[in-house]
Each structure stands twice: as structure tokens, then as C-alpha cells.
Amino acid sequence: MLILKRDFNNFLLQLSDGLGNFDNVIVPQISGNNSSFFLKKLKKETGEKINLTSYRSINPVKYFLYPARERVYPAAESFPKNIIIGVKACDLEAIKILDKALLNGNFVEPSYSRLRENTLIISADCEEVSKTCHCSLVGGKPYAEEGFDLNLSSVYDYYKIQIGSEKGKEFFELMEKEIKEKESSPEEERLIRDNRKRIENELLDVNKGYTRDKDYSKLRNANEESWKEASRNCVGCGACTNICPTCYCLILNDESKYNSEKFIKVRSYDSCQWFGYARVAGGGTPRPKVHQRFRNRYLCKFDYMQSNFDQIGCTGCGRCIEACADFRQVVQNIINKAEQVTK
Amino acid sequence: MQNPYEVIPCYLYEIIQESPLIRTLRLKPEKPLHFKTGQFVELSVPGIGEGPFTPSSSHYLSENLDVTIMKTGFVTEYVHRVKAGDTLGIRGPFGSHYPLEKFKGKDVLILGGGCGLAPLRSLFLTMLTENKDYNSITFCAGAKTPKDCIYKDEASEWRKYDNVRFLRAVDMVPKGEEWNENVCLVTKLLEKVQLHADGNPAIVCGPPVMMKFGTKDLLKYGYKEENIYLSMEKKMYCGFGQCRHCVMGKYYACKDGPVFTYDKIKNEEAIWE
């Protein structure tokens, strides 16, 4: 099914105007003069800034499903109905991890589960590659094959729409009332396939020189010196964990009044890169040194998450590389390291 | 589905000052709290914060709950300022428990020191309720000095049972303090008791260094790795395996533990830190 891009963008503005009863229509929008994109609430005046087909947004989707700060007790009674458009395959992978961590454990994170239920996700194929993109190194693809409600693939002035869920089908029916559609021709289908292939090749090109290891559990055996070397310029700021689409570590703050009988608990992001993380009463901490905390993060992503979730915790989005004050290609270094260790 | 963040207000009806740094809070939760011995709860002082503590009372009492807490950090500083009549909050219970069914008919050894006696008192009191189900129960408890000894007034009560032995040791007796029981490291008590290691369980809780050497000694006496139960208390922040503060490699102290058998975690890193 093909729809005109212009029609779809207008339809998004209609949604932000109240059609479909969404509280927030969240779309990647060009930020400033540069070529990066922020997932932001769509407003009428920002209509021209929509860009659905470039590479992933600066902010990960987790910000809208698992906010940085949220009151969890007493829990909110109602949650907004959101639609997020232009989500990339790497962020869909990240949502898979968040689902495994926050929904399928012994306990269900109450507000994540409500926001997840209330959020419609429309993904879009990547049409561009950033120099930090490396999904090809972690087994990912620059287009989504599952995990979306609807998916968009660009072809000329059209989007090809693919339905991925019951929720997506209902939304499509709403869209059909507003937008004219047409069937795609074999030629257009071929163009979409070619485009996907082209982006995959670009990714390989951006990441040539880096290799992927099949078994990251060997990272555990790397000696301490090599971790010190890898983390030499790390200042432990925690930017990488805060922007990581799969990091979900939290702290729970008590915001009740002193001596009150009404309890209020607020959850915020924590970072394993901070000294105070996991510190116990009396001041003891299992990882007092920067390189130990650095090591913990990479083992968590590449080894522990593999054992716990059967999936590594890196989706190749490259946000941590962008956010790192040092801007070294840390992740790629680590990916290579697993190989070096075993040589 | 239970909201894991739900806080149950608890009325603090009595405080027992066990030692200069350790006190037992006796709490009455607003609704019964059904925990299994070995599980922990998150105890909040309103406006200050919360921390993970294992109840020290029998799990057969769900109306009341004792929690024994040492003053060591920020939250516990305030725990030591609360007064009878105050309201505290509890989330939980969380985590794994002692598998009592596996202890039945066995010679059970309990080894603990300092504030690590708190979960062990819960286990011990729970087992006393049906003490005949166990062949014997030996409880070795340690403290630094006689003044640091906790649950002092309960020892004579605990020694009334035929198949129960309760031994105490202090590391040293400072001048002016009296003590007529053992003076040695708690692990040395193992030499004094007739141990029947073969297939029997040993439960250990205490300061990390005591747990480390206690475990080593037990292995030396022939206890099997899978029969040594350790209470790995870490910084369990959320209680349900999401905040990741208490990870030990791929395990979480809060949901896979806090009660682990030694064979399960022996290859994980920094378990004694």
C-alpha cells in the first residue's frame, strides 16, 4: 500500500490537532541548522521540520516509555495516549530489551506497562547513515522486520505502509478515511529492496575495519590493564548510560515529607558509571574505580544481558559514541577487544 | 498484579536497643505481610529514604514484624532516631527464601556474626516452631565484644529445646565487661561442635569477611557447595530485578537471591565485597 508523503505529513498534523485522540504525536524533527533529529511533540508550526527517513533520532524512544523521572507511588491514575512515528529498527530492538527487563520478569513495571500499552509505534526505514551507526556490527538491520505497529518505507514521493499488529491495523483504518492509497507496483517494490540493500552497504562501509565477535562472554577474561587503557579518558559522567536506549537502571527516591504518613516514591535514571551507584551503607562499593565501572557497563551490555535476555544490550545506535565527552569510538574498541582477548 | 512500589505503612510499637549500634524495631504493618524466612523488605523512613533489610522475626507472625538494623549510613542513622509511635513504610517482601523443606530431618547448622544474625534469627525462630521436624539445630553466633552481642535476653529461652544448641562467641572481652561464654572468632566454634557435614545444610550470614572464611571452613569440614546457603546482602534498591544495583555478574541479589547456595555463585565476581 502506498500513500503520498505529503498526505501523510498533513495527516500527522491532523493527529496533533486532535484526530484519533492522541495526547502526544511524537515525530523526529530537524533540530537547529544541523542534520540531527529530535523526537519531539509535533506542533502545527513545526510541520516542515518533520524528517522520518533519516537515521535515528538523538533521543531514544525509552524517554517516552520510561521517563527519566516519574512518580511511581502512588501511581498515576491515567497515562497519555501517544503515537511515535519514525522509530528506527535499532530502537525497536531496544524496546524488545526493555520489554524483557520491565515486563517479563517476576514483577511488571506498572507505568512502563501502561505507557507501552498506550503507545502506537510507527517505524521507518533508514535512508541515511550516521558515522556512529553500527547496527551491522551487532546483527541489526537499518530497517525493521518486526516489533512495529506500522512501518514506512520511502519510495519516490510515497511511503509504503506495512502493518505489523492489530493496533496498527486499526490505526491504518483511521488513516484510510483521510488519505488516498494505491497499490505498489513490482518496480516500486524492487526500489524499496534496492534502497535497503544500499543502506546496508553504506553501513558496512562506515564500519569497515571493525569486526564482530560471536561470543562476548570472553570479554570477562580481559585483563585489568586493558580495561584501564580502554577507559583512560572516561570521566564517569554517565552520558552514555542516560542516552543508551537499553539502559534502565533506576534509583528510587523517597519524596515523602519527614514524619509524614503519606509515602511518595519517585523513580529516576541511575548510572552504573557514577561512584555512588551500588554503594552500601558505610561507604563500601563493589566498583570504586572508573575502569571497574566502565568494565561493568560493557560486560552488562555484551555478556550479562545476553545471559539474561538472550540478546546483547547494544543495538548499534551509536548514541553513546555521540554523547561521550571523549568522542572516541569506544564501542567499536570494545567490539574489537573481544577478538583481541582470545588471540 | 502487585505494584512493587506499593508502600505499606507500619506502626512502630516498640524499639529494643540490642547494642550501642544495633536496634530492633517492632512493627505492625497496616495489612498483614506474608514473607518467607530469608526474604527481605525495603524499609522507608518517610522523607529520608529506604533500604533493604531482612526481617528478624518468625515468618509465622504476619501481623507483627521485627527488623534488626545497625547504624552504618545515612538511612540507618535516621532509623536510629525514630521513636515508638512513629510510622515507617515497607515494600515487599522480595527475593528468595530459605528452603525449609530441604532442611527437614537434617542436622542444620547456622553460622552468623554481627548484624548478620538478623535473618538467621528469623530462620531460627521459624524452625523452632516445628523444631521436631529437624534432627538437630546448631546455631553459632558471634559478636565483637560482649556489649555488641544482640538478642541477649533470648539465649536462655533458645537453649530450652532438646535438639537445639545455641553457642555464642565474642572476639574479645574489653576490660570491665563480663563474659562467661566462648572467646574466639565465630568460625572457631565449628571446631567445638560435633559437625555432621554429610548432606546436611549450613546457613551463613554475617560480615563479608566472616562469610568468606566461614564458607572456606565449612568446605574443609566436608559440607557440600550446594548445601551451603549464603545470604548475599547487597544494595538491593528496587527489590525486583530492575535497578541492577545488586548484580553479581548475571545474578541479582534481589530476585535470584538474597539466599544463594555457594555452588551457584562461586564463579561470580567480587561476591565477598
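Order of the sequence lines sets the chain letters (A, B, ...), proteins ahead of strands, with each chain counted from 1.
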Test applied, side chain to side chain contact (heavy atoms under 4.5 Å, CB included); reference residue, A:Arg116; option that passes from A:Asn82, A:Leu98, A:Ile121: A:Ile121
- prompt: Which word best sums up how the rings of A:Tyr269 and A:Tyr63 line up, parallel for under 30°, tilted for 30 to 60°, or perpendicular for over 60°?
  reply: tilted
query: Is it the backbone or the side chain of A:Glu109 that comes under 4.5 Å from a heavy atom of chain B, or both, or neither?
result: both
- request: Sort B:Phe74 into side chain, backbone, both or neither according to what part of it lies under 4.5 angstrom from a heavy atom of chain A.
  value: neither
- prompt: Between B:Asp86 (side chain) and B:Lys83 (backbone), is there a donor-acceptor pair under 3.5 Å?
  reply: yes
field: chain A contact via B:Phe94 - side chain, backbone, both or neither, heavy atoms under 4.5 Å
entry: side chain
message: Set out, in order, the CA-CA distance, both residues' side-chain angles and the distance that settles side chain to side chain donor-acceptor pair (under 3.5 Å) for A:Tyr298 and A:Asp303, then state yes or no.
response: CA-CA 8 Å; A:Tyr298 290 99; A:Asp303 183 4; over 6 Å; no
query: Where on A:Lys257 is there a heavy atom nearer than 4.5 Å to chain B: the side chain, the backbone, both, or neither?
result: backbone
- line: Interface check, chain B: of A:Ala278, A:Ser113, A:Pro74, most non-hydrogen pairs under 4.5 Å belong to A:Ala278
task: Taking atom types as modelled, find out whether A:Lys96 and A:Gln311 have a side-chain donor-acceptor pair closer than 3.5 angstrom.
output: no
- request: Check whether B:Val75 gets within reach of chain A through its side chain, its backbone, both or neither, counting any heavy atom under 4.5 Å.
  value: neither
Exercise: do B:Arg244 and B:Tyr252 side chains pair donor with acceptor under 3.5 Å: yes
- prompt: Does the side chain of B:Ser19 come under 3.5 Å of the side chain of B:Asp148 through a donor N or O and an acceptor N or O?
  reply: no
A:Glu224, A:Glu225, A:Lys228 screened by side-chain hydrogen bond (donor to acceptor under 3.5 Å, both in side chains) with A:His291, the one that passes: A:Glu224
- request: Could you look at A:Arg279 and say if it's the side chain, the backbone, both or neither that has a heavy atom under 4.5 Å from chain B?
  value: backbone
query: How about residues 240-252 of chain A versus chain B: which residues have heavy atoms under 4.5 Å apart?
result: A:Tyr248, A:Cys249, A:Leu250, A:Ile251, A:Leu252
message: Heavy-atom pairs under 4.5 Å with chain B - which of A:Ala75, A:Ser307, A:Pro110 has more of them than the others?
response: A:Pro110
query: So, A:Lys265 versus B:Ser44: side-chain donor-acceptor pair below 3.5 Å or not?
result: yes
- request: Using the six-membered ring of A:Tyr277, assess whether NZ or CZ of A:Arg293 lies under 6.0 Å from its centre and within 45 degrees of the ring axis.
  value: no
message: If we define contacts as heavy-atom pairs under 4.5 Å, which of B:Gly73, B:Cys243, B:Cys238 has the most with chain A?
response: B:Cys243
